[in-house]
Amino acid sequence: MQDRLHEQLVGGELMAPNWSKAKVTAFRRALLGWYDQEKRDLPWRRDHDPYHILLSETMLQQTQVATVIPYYEHFLQLFPTVQALAQAPEDQVMKAWEGLGYYSRARHLQQAAKQVVQDYGGQFPRTAAELRQLSGIGPYTAGAIASIAFNQPEPAIDGNAFRVFSRLFKIDADIAKPQTRQLFDQLIRQLIDPKRPGDFNQAIMDLGSSYMRAKDPDPAHSPLAAFDQSYLSDTVMDYPVKSKKKPKKVVPYFALVIHSPQGYLLVRRPRTGMLADLWMFPLVDRSELDAALEVDQLVEAADRFEALADVHLTFEVTGAKLVRHTFTHQQWQLTLVQADSPAFDLAVLPAKWVKAADFGRLALPTVQKKLLKALGLGGTK
DNA sequence: GATCCGTGGAA
DNA sequence: TTTCCAAGGAT
């Protein structure tokens, strides 16, 4: 069955998966009937405002619902409209995103708001193709906004949709491969309810987070149990098929804690890459340093700061504290080294002296909060 | 197409 | 402790 389905879909034929029109109708009725009774009451389901949908979908990328809810409410308090977001200071937007992770989402979101205001007069475009052109909006988010806000029959293929449909049809294609998306896209287009595409997509998400969740699913009580080929063949946990990721790399750093009468030296991270735009202690990558010489090389690394003023910094290395922080694809091992310094001019650097009491004003990544805690400088993480 | 980009919860 | 993962997108 799945082989033929795969051949049909990959071959570009748009034949329904062996289902009669009556069965497709029954499928939609079972799904939407359940959704009407059991759908989750979520803040972004109070209306169909495309700005609200964009904000929620962006925050929900790779992030759990329970984590997003308070961020969503707070963000809308600060930036109630797409115009307000477009005009907001970027630092304020980053601060509102602090702790959510994947910080480029925040920058792209504000860029999208500016595009809507400048290119579309503040009115969101209504088609998935146009939405797809906005910054930070990919195929999933475009489909979600088009279907939920504008009632367009577009699939919204997220991890839930991959999991639900791979189980329903026992699809063996590897969902980790980008190419697999088109297979699901063509399948879902045949099943999506043209009268209620937004509800259809959201119903799949609710199902994927309940009866058809990744861990400890309960397919026997799913409203789609009768349509679930993996359940009917007792192979639920074989799906979805997903290849493994490579192991994460360990990266050692020195974290330079430079204290002057004006406070601690924090630098703004580069606009791209890890923890973009956020504020941290300066880091020195020691992965390429010669272990026997690295303390001397640390001093050399500090020269970029010393060159700005007539100062010499002596770092305290013995008894240094080690802080570990794990990201999706790498682990940092941060050795805290401290130095006292006279205050010197930082105007030419994306850096500033910050007193401990003012750390809360800046957008800091979680790893920086860990460092502060290790130093006894507040923070709860 | 492969890799990069955060965080917190759960087993 | 380790691993997986949760409403992806950019490069």
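Numbered from 1 within each chain, the chains take letters A, B, ... in sequence-line order. Owing to the predicted nature of the structure, the values given are computational and were not obtained by experimental measurement. Excluded from the calculations below are hydrogen atoms, water molecules and symmetry mates; all remaining heavy atoms, backbone and side chain alike, are included.
- Side chain of A:H329, nearest nucleotide from B:dC4, C:dA7, C:dG9: B:dC4.
- Note on A:Q62: a side-chain N or O is less than 4.0 Å away from OP1 or OP2 of C:dG8.
- Looking at heavy-atom distances under 4.0 Å, A:Q202 makes no contact with the nucleic acid at all.
- Within the nucleic acid shown, A:T326 comes within 4.0 Å of at least one base atom, counting heavy atoms only.
- On a pure distance criterion of 3.5 Å, a polar donor-acceptor pair joins the side chain of A:T63 and the base of B:dG6.
- A:V68 comes within 4.0 angstrom of no nucleic acid atom, judged by non-hydrogen atoms across all strands.
- Protein atom NZ of A:K242 is 15 Å distant from nucleotide atom C1' of B:dA2, rounded to whole Å.
- Under 3.5 Å, the side chain of A:T141 and the base of C:dG8 form no donor-acceptor pair of N or O atoms.
- Across B:dA10, C:dA7, B:dT7, the shortest atom-to-atom separation from the side chain of A:N160 is found for C:dA7.
- No salt bridge links A:E90 with A:K95; every basic N to acidic carboxylate O contact stays at or beyond 4.0 Å.
- Among the atoms of the strands shown, only primed sugar atoms or phosphate atoms (P, OP1, OP2) are found under 4.0 Å from some heavy atom of A:M274.
- Across all strands shown, A:R213 has no heavy atoms under 4.0 Å from either base or sugar-phosphate atoms.
- Both cation-pi conditions hold for A:R286 and A:F254: the charged atom is under 6.0 angstrom from the six-membered ring centre and inside a 45 degree cone around its axis.
- In this structure, A:E57 places its CD atom 9 Å from P of C:dG9, rounding to the nearest Å.
- Contact check on A:E98 versus A:K369 returns a salt bridge, with a Lys/Arg side-chain nitrogen under 4.0 Å from an Asp/Glu carboxylate oxygen.
- Put simply, A:R269 has no side-chain N or O that comes within less than 4.0 Å of OP1 or OP2 on B:dG6.
- When heavy atoms are screened at a 4.0 angstrom cut-off, A:I53 is found touching no nucleic acid atom at all.
- Between A:D185 and A:R189 there is a salt bridge, since at least one side-chain N of the basic residue sits less than 4.0 Å from a carboxylate O of the acidic one.
- Candidate nucleotides B:dT7, C:dG8, B:dG1 were compared by shortest atom distance to the side chain of A:D158, and C:dG8 ranks first.
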